Amino acid sequence: MVKVRFAPSPTGYLHLGGARTAIFNWLFARHNKGRFILRIEDTDRSRSTEDSIQEILEALVWLGLNWDEGPYRQTERMEIYKKEAQRLLEEKKAYYCYCTPQELEERRKKALEGGRMPQYDGRCRGKTGAREGINPVIRLKVDQEGETVIHDLIKGEVVYPNSQLDDFILVRSDGTPTYNFVVVVDDALMGITHVIRGDDHLNNTPKQIQLYRALGYEPPQFAHVPMILGPDRARLSKRHGATSVLAYREEGYLPEALFNFLVRLGWSHGDQEIFSKEELIRYFSLENVGKSPAVYNPDKLLWLNAHYIKTGETERLAKLLVPFLAREGLIREGAETDMGWLCRVVDTLKERSKTLKEMAQMAAFYFREPREYDPKGDRKFLKPQVLPYLEALVQELEKLDDFSEEEIERTFNRVLERFGIKLKHLAQPCRVALTGKTVSPGIFEIVSVMGKEAAISRLDKAIKHIKAKPEA
RNA sequence: GGUCCCAUCGUCUAGCCCGGUUAGGACACCGGCCUCUCACGUCGGCGGCAGGGGUUCAAAUCCCCUUGGGACCGCCA
């Protein structure tokens with residue numbers, strides 16, 4: 001059975017690259033009816049935080065990436081690593097090294113200056129003598145002869161000369177295991193069949209393969225996914241702005257939009273752009289993952305988000321919108337909201353919102369009357385000439401009991417006929433009067449949704465405003 | 001510096017494995033239509049095989065080189 005894992009290190013939030021790796025693993029597991037395991041790589045105690053773990057879990061849940069096992073934490077598995085390290089020591093496949101970090105740093109610097117490879121020279125390999133006052137590290141005896149071949153499911157066959165490898169550290173001087181050690185032990189012991197990860201790990205793979213062999217475990221299949229790059233073609237990072245998954249939630253993105261966007265960064269299925277989760281599970285294959293890195297394209301994400309808002313279920317969107325409305329100060333946090341009415345609001349806005357945040361901003365006029373009129377709209381549409389139209393409209397609206405869109409349209413038409421004018425001559429002044437702006441959803445919709453009282457009071461206010469103009 | 005990876009419109013990509021396409025789609029951009037504004041929708045446009053050598057009747061596709069970009073070379077992961 002296929003078994004894959006996502007293994008983030010909790011030293012920060014879940015970023016887009018990590019999220020995509022998680023998505024690929026998840027899809028691969030679901031497609032193959034295998035298991036998806038979550039493992040927290042927290043062996044770096046100084047940089048790992050509990051907050052970070054919680055944030056990562058929350059982001060995964062938000063994206064809908066449910067896991068079948070875990071989350072395991074490596075800090076809870078220390079005994080296992082200790083035992084494995086001891087075994088390697090006993091089998092003479094690993095040894096203690098008493099070189100100090102300072103010494104190593106110095107040698108590294110010298111090597112770099114001399115144009116040589118900055119790698120450990122293996123000087124403690126044969127020695128048994130401990131140095132006083134120094135806690136040793138444990139290093140693996142790496143075979144530097146020949147080459148290591150990786151049969152990568154994405155990159156193909158990759159050959160490394162073993163002369164590039166050095167005796168890397170398995171256990172630090174404080175007794176904690178390093179990444180390259182625990183990742184191998186865990187993947188082996190957890191029965192991981194496919195390691196799908198960023199191709200920044202490709203260079204670590206030959207080392208890890210040697211470690212698998214030393215431990216007597218069969219290496220898994222590897223699949224190295226190309227990186228996500230920023231607009232400057234450097235690896236995507238905080239420098240490029242919001243790269244945290246949860247930040248996208250705060251900005252009003254839908255999880256399915258981000259999911260769809262991320263999966264298409266590097267993977268494709270012919271010409272199709274929009275995928276449901278079911279389709280992705282059905283179609284996903286490592287063979288269709290590209291080899292070249294992808295540049296992050298926020299415009300496309302925005303387009304996808306707009307698509308999912310447009311086609312999303314209104315009730316769900318309304319619920320999701322509430323916190324954004326609160327943030328805009330349009331409703332009070334925790335206050336009762338008339339969801340039926342809010343659904344009507346959302347229905348008028350979902351066709352034209354790219355994010356929930358934008359939707360909340362566009363919804364402002366439903367919640368409060370315009371504080372001021374858009375200067376251009378005021379000048380162009382709130383002119384004395386339109387006074388009779390607006391006054392007639394108010395009179396007609398007063399008579400209405402049924403404030404449905406259809407009735408409102410009929411009402412507008414009566415006014416248009418009376419004056420022999422076109423809709424645009426009434427709609428625009430009306431729009432500015434009701435919303436303060438020259439752009440909004442359809443005029444009949446907004447009149448209907450804001451209701452009789454609000455509509456009439458705002459029209460009256462605009463009428464007074466026009467009358468107060470000097471030229472009136 | 002060494003090793004490894006990568007290279008189709010500005011961006012994401014199909015096509016490459018199994019040579020013969022007017023090199024296809026999507027985002028963005030520009031224009032038309034629709035229309036009460038905006039948006040949606042729709043129609044059209046702009047725009048690409050990094051360069052050079054081979055192999056071949058024929059190369060985006062196969063081979064080599066160059067160039068460009070990226071990653072790793074940590075008691076980080």
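Chain naming here is simple, since letters A, B, ... match the order of the sequence lines and numbering starts at 1 in each. No experiment lies behind these values; they were computed from the predicted model shown.
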[N] [atom2] sits how many Å from [X] [atom1], rounded?
X      : N     : atom1 : atom2 : answer
A/K207 : B/A77 : NZ    : C1'   : 12 Å
A/N180 : B/A77 : CG    : P     : 9 Å
A/Y179 : B/A77 : OH    : C1'   : 6 Å
A/Q144 : B/U3  : CD    : C1'   : 13 Å
A/K354 : B/C27 : NZ    : P     : 11 Å

[N] base to [X] side chain: any donor-acceptor pair below 3.5 Å?
X      : N     : answer
A/E351 : B/G41 : no
A/R431 : B/C36 : yes
A/S173 : B/C75 : yes
A/N297 : B/A28 : no
A/D199 : B/A71 : no
A/K300 : B/C12 : yes

Next on the checklist: Just verifying a value: how many Å separate A/Y120 OH and A/F168 CZ, rounded to the nearest 0.5 Å?
Outcome noted: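 Between A/Y120 OH and A/F168 CZ, I get 13.5 Å after rounding to 0.5 Å.
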Judged by modelled atom types alone, do [X] and [Y] share a side-chain donor-acceptor pair under 3.5 Å?
X      : Y      : result
A/Y13  : A/T243 : yes
A/D42  : A/T75  : yes
A/R431 : A/T435 : no

If you look at every strand shown and take non-hydrogen atoms under 4.0 Å, does [X] touch a base, only sugar-phosphate, or nothing?
X      : value
A/G266 : sugar-phosphate
A/T43  : sugar-phosphate
A/E273 : base
A/V158 : sugar-phosphate
A/H224 : nothing
A/S268 : sugar-phosphate

Checklist entry - Got a sec? Which of residues 409-425 of chain A come in under 4.0 Å of RNA chain B, heavy atoms? => result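 Nucleic-acid contacts, sorted: A/L423, A/K424.
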Item to check | Distance flag, aromatic centroids of A/F381 and A/H425, threshold under 6.0 Å | outcome: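 Distance test on ring centres: not under 6.0 Å, no.
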Checklist entry - Do NZ/NE/NH1/NH2 and the carboxylate oxygens of A/E105 and A/R107 come within less than 4.0 Å? => result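 Looking at A/R107 together with A/E105, the answer is no, because their closest N to O distance does not fall below 4.0 Å.
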Item to check | Matching residue for A/P71 among A/I56, A/I40, A/I37 - test: side-chain contact (heavy atoms from CB on, under 4.5 Å) | outcome: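 Among the candidates, only A/I40 passes.
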Item to check | Where A/S173 and A/V137 come nearest, the two heavy atoms and their spacing | outcome: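 Smallest heavy-atom distance, with atoms named: N-CG1, 3.5 Å.
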Next on the checklist: Need to verify one output field. Residue with the more 5' nearest nucleotide on RNA chain B, A/H307 or A/G442?
Outcome noted: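 Result: A/G442.
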